[in-house]
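Please read all numbers here as calculations on a predicted model, not as lab measurements.
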Amino acid sequence: MTVAAAELLDYDEVIAKYEPVMGMEVHVELSTATKMFCGCANEFGGEPNTQVCPVCLGLPGSLPVLNQSAVESAIRIGLALNCDIAPWGRFARKNYFYPDQPKNYQISQYDEPIAVNGYLDVPLEDGTTWRVEIERAHMEEDTGKLTHLGSETGRIEGATTSLLDYNRAGVPLIEIVTKPIEGTGERAPEIARAYVTALRDLLRALGVSDVRMDQGSMRCDSNLSLKPKGATEFGTRTETKNVNSLKSVEVAVRYEMRRQAAILEAGGTITQETRHFHEDGYTTAGRSKETAQDYRYFPEPDLEPVAPSKELIEQLRATIPELPWLTRKRIQQEWGISDEVMRDLVNNGATDLVAATVEHGASSEAARAWWGNFLVQKANEAGVELDALPITPAQVAAVVKLIDEGKLSNKLARQVVEGVLAGEGEPEQVMTDRGLAVVRDDSLIQSAVDEALAANPDVAEKIRGGKVQAAGAIVGAVMKATKGQADAARVRELVLAACS
């Protein structure tokens, strides 16, 4: 049943009458060097169909070989989510036909996942936490990518041509499935977003994935149903597929709550189906939702069971880092910054970069200034995430050191950073090649001061008459003549001395 935007139930009325029940399924591509069952490169952005082989194309006679690094990453994810790690488990074949799955089945885990029964304590903006219980985290392979041409939406409806790229087929994938999330009330959309945010931060801290939602390496399917207040049975759920931003997760949950409530209030019934999320903030029907029986699961005959030893599990447990939000809280206290400043750093994706820059010797103030202002601007101009800029925390720290040593002014340092971003080399090399070092030779500065005073006799007379503030004009002229390379404070000293 379709609901027009004008007919959506008011959110306050939804909350007054219904209780939302959510379930989140998050797919995470692992950043291993190779694919899950073959030696093809696992890299984003390659030319279509160049990172393929008989195994990931499903050609007759090819056999899969399990990626050990992917298994270890899966175990670390399970441990970080407080899960029990299965001592023994098998892969299964999930049978279905779709053009982006070349074998006509997907190798996945079905009834024996690698990790089960965990939880994640999710930090919320008001300082409280919400425990989201994890049902399972299982291993599988990703599908290829379809590009639909000729439709206004980029989806298959209305398309005239579909292009297939199998580079992604076989990429290691972890699917993390929550247990039903109940009792959230009006905070359901907020908690959904906070959960995916926390999960993204955790996976990034583990170093198992780049979790780039914009590139599809982290994708969220949001399940939602409504039950009348006081009812015990869950309502019929819908699954909004492949939501690819944190904001969209929140918007999708809120929209589905209002849409489903409007249907129920009108006496209709909810159809169990997948739904497409549109960036304009609404969902549309996809396909009726299959059940496990529809996929005809059976054990994968070409792969041995996965049986990690207790020793391996404990070794991997020792690699689990501090939870990122606890790290942020600790460094916020160390840096002595407000919640607002910390929130800005988090929202810009700058926190880890600032911390790494401090580890390389920069002060937290200088590191925050660079990553939280100038480099954020550069990232926005380039249309990329902050950590995708071609500059490292070590290089930013090197720029800060050049400033602290008096070799660069802040203005000149920005030019050096631009040179680093342009691929011109390390900061000191850029400074040298561009001739940007601060001029310390008093004879050169004095010559420029004398020329500026001679060219501006009226200003020189004012300075001699006691109007010291007029020295700013001469300082500006000298800085222009020296292309900003003179030390402004030293220039001022020489100007005043010359006019005394």
Side-chain angles (χ1 to χ4, degrees), residues 1-28 120 122-126 130 132 152-155 157 176-178 180-201 211-226 235-265 270-287 289 343 346-349 380 383 385:
M1 182 175 179
T2 302
V3 179
E7 298 172 351
L8 294 173
L9 201 64
D10 181 78
Y11 191 73
D12 290 339
E13 192 172 352
V14 176
I15 297 304
K17 295 184 176 182
Y18 297 96
E19 179 65 37
V21 178
M22 298 187 295
M24 312 300 288
E25 301 174 15
V26 176
H27 297 77
V28 182
L120 183 62
V122 176
L124 305 179
E125 284 197 359
D126 63 1
W130 189 280
V132 174
E152 294 181 0
T153 62
R155 300 187 185 278
E157 294 83 2
I176 302 166
V177 182
T178 71
I181 305 171
E182 300 183 71
T184 57
E186 66 180 355
R187 302 187 74 178
E190 172 199 353
I191 289 170
R193 176 175 181 165
Y195 166 70
V196 179
T197 300
L199 190 57
R200 182 194 64 171
D201 290 348
V211 288
R212 292 287 299 274
M213 297 187 78
D214 59 317
Q215 294 181 357
S217 57
M218 180 173 178
R219 312 190 290 274
C220 177
D221 298 341
S222 169
N223 292 270
L224 184 103
S225 66
L226 295 178
T236 302
R237 66 183 173 90
T238 61
E239 181 181 5
T240 304
K241 300 287 288 184
N242 295 330
V243 186
N244 63 0
S245 77
L246 299 175
K247 179 181 179 181
S248 295
V249 170
E250 183 173 359
V251 171
V253 169
R254 182 180 294 269
Y255 178 88
E256 272 300 288
M257 289 172 65
R258 297 181 64 196
R259 186 190 70 86
Q260 291 188 22
I263 293 173
L264 295 173
E265 287 297 295
I270 306 300
T271 301
Q272 182 173 325
E273 61 187 1
T274 64
R275 296 188 66 84
H276 299 303
F277 179 76
H278 300 265
E279 293 303 324
D280 292 341
Y282 65 96
T283 68
T284 55
R287 54 180 168 78
K289 182 61 177 171
R343 191 179 306 117
V346 172
N347 291 340
N348 288 326
N380 290 337
E385 297 289 333

Worksheet item: Less than 4.5 Å apart, any side-chain heavy atom of R275 and any of L224?
Response: no
Worksheet item: Do you know the tightest heavy-atom contact between A261 and V14?
Response: CB-CG2, 3.7 Å
Item to complete: Can you spot which of V196, N244, T240 makes a side-chain contact (heavy atoms from CB on, under 4.5 Å) with V249?
Response: V196
Worksheet item: Just by modelled atom types, is the A192 backbone N or O under 3.5 Å from a matching donor or acceptor in the E250 side chain?
Response: no
Fill in: S248 side chain vs V243 backbone, donor-acceptor pair below 3.5 Å
no
Item to complete: Report the C-alpha separation of S222 and E256 in whole Å, then their side-chain angles, then the decisive distance to 0.1 Å, and conclude whether the side-chain hydrogen bond (donor to acceptor under 3.5 Å, both in side chains) test is met.
Response: CA-CA 10 Å; S222 169; E256 272 300 288; over 6 Å; no
Discussion item. To check you understand the geometry: which heavy-atom pair defines the closest contact between L120 and A198, and what is its length?
Written reply: CD2-CB, 4.2 Å
Worksheet item: Residues in side-chain contact (heavy atoms from CB on, under 4.5 Å) with A194, at least two apart?
Response: V122, L124
Item to complete: Identify the two heavy atoms, one from M213 and one from S245, that lie closest to each other, and give their separation to 0.1 Å.
Response: CE-N, 3.6 Å
Practice prompt. List the atom of A188, the atom of M257, and the distance in Å for their closest heavy-atom pair.
Written response: CB-SD, 4.0 Å
Worksheet entry | T236 versus I270, closest heavy-atom pair with distance | CG2-O, 3.5 Å
Worksheet item: Hey, does Y255 have a side-chain heavy atom less than 4.5 Å from the side chain of H278?
Response: no
Fill in: Exam field: side chain Y11 to backbone E186, donor-acceptor pair closer than 3.5 Å
yes
Worksheet item: Are the side chain of R258 and the backbone N or O of L9 linked by a donor-acceptor pair below 3.5 Å?
Response: yes
Worksheet entry | Heavy-atom pair with the smallest gap, counting every atom of V26 and C220 | CG2-SG, 4.3 Å
Practice prompt. Using distance alone, with no hydrogens and no angle criterion, decide if S225 and Q260 have a side-chain donor and acceptor under 3.5 Å apart.
Written response: no
Worksheet, complete the sentence: The reported gap from CG in L8 to CD1 in I263 (rounded to nearest 0.5 angstrom) is 9.5 Å
Response to the item:
Rounded to the nearest 0.5 Å, the OG1 atom of T274 sits from the CZ atom of R237 at a distance of 10.5 Å
Worksheet entry | Any side-chain heavy-atom pair of T238 and R259 under 4.5 Å | yes
Practice prompt. Could you grab the distance from atom CG of N380 to atom CG of N348, nearest 0.5 Å is fine?
Written response: 7.5 Å
Worksheet item: Of all residues at least two apart in sequence or in a different chain, which pass the salt bridge (Lys or Arg N to Asp or Glu O under 4.0 Å) check with R200?
Response: none
Worksheet entry | CG on L246 to CE on M218, rounded to 0.5 Å | 7.0 Å
Worksheet item: Does the side chain of T184 reach to within under 4.5 Å of the side chain of W130, using non-hydrogen atoms?
Response: yes
Worksheet item: Quick one: NZ on K17 to CG on L226, what's the gap to the nearest 0.5 Å?
Response: 12.5 Å
Worksheet entry | Under 3.5 Å: donor-acceptor pair, side chain of D221, backbone of N242 | yes
